[in-house]
Amino acid sequence: MMELNGFFDDEGNKIDPMTVKKPSLCLLCKNNDTSDKIENTLCMMTRYDQRNEENFECGAFDEALN
């Protein structure tokens, strides 16, 4: 049976969002773990896309002011 929901890579393999590591830059971002499901999805996809890169870059980074 084919599953029609979730996250998949370019080869069609299912991605478990809980296994996508969160770079330290994400921990400083005001969008980190926001209640906005779309923003969380976009963040997870950005992290997954750069999972093998030495340096993580995010165009949506917005520094949280504590």
Side-chain angles (χ1 to χ4, degrees):
M1 177 187 234
M2 188 168 134
E3 188 172 345
L4 299 176
N5 61 13
F7 300 102
F8 298 85
D9 65 16
D10 293 338
E11 287 77 41
N13 301 307
K14 186 159 185 168
I15 301 167
D16 179 358
M18 299 304 291
T19 64
V20 179
K21 293 184 180 184
K22 192 176 283 191
S24 58
L25 183 66
C26 296
L27 301 176
L28 300 173
C29 183
K30 77 174 190 175
N31 295 318
N32 183 38
D33 292 329
T34 181
S35 61
D36 184 339
K37 290 182 180 185
I38 294 172
E39 187 67 38
N40 284 334
T41 299
L42 293 172
C43 289
M44 191 279 302
M45 290 170 43
T46 299
R47 292 192 313 266
Y48 181 79
D49 187 48
Q50 296 185 53
R51 69 194 178 282
N52 296 323
E53 300 295 324
E54 187 173 323
N55 295 311
F56 178 77
E57 295 181 20
C58 181
F61 175 75
D62 192 358
E63 187 172 4
L65 300 174
N66 294 328

Between NZ on residue Lys30 and CZ on residue Phe61, distance to nearest 0.5 Å
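Going from NZ on Lys30 over to CZ on Phe61, the span is 11.0 Å.
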Spatial distance of atom OH (Tyr48) from atom CG (Asp9) [nearest 0.5 Å]:
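So the gap between those two atoms works out to 4.0 Å.
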Which pair of non-hydrogen atoms, one from Ala60 and one from Cys29, has the smallest distance, and what is that distance?
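Heavy atoms only, the tightest pair is O-SG, 4.4 Å.
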Which residues pass the side-chain contact (heavy atoms from CB on, under 4.5 Å) test with Glu57, sequence neighbours left out?
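Glu57 satisfies side-chain contact (heavy atoms from CB on, under 4.5 Å) with Gln50 once adjacent residues are dropped.
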Per-pair distances, 0.1 Å, donor-acceptor, side chain in residues 38-47, under 3.5 Å, sequence neighbours excluded:
residue	atom	partner	partner atom	Å
Asn40	OD1	Thr34	N	3.4
Asn40	ND2	Thr34	O	2.7
Thr41	OG1	Lys37	O	2.9
Thr46	OG1	Leu42	O	3.0

Residues 15-23, side-chain donor-acceptor partners within the protein, below 3.5 Å, at least two apart:
residue	atom	partner	partner atom	Å
Asp16	OD1	Met18	N	3.0
Thr19	OG1	Asp16	O	2.7
Lys22	NZ	Asn32	OD1	2.8
Lys22	NZ	Asp33	OD1	3.0
Lys22	NZ	Asp33	OD2	3.4

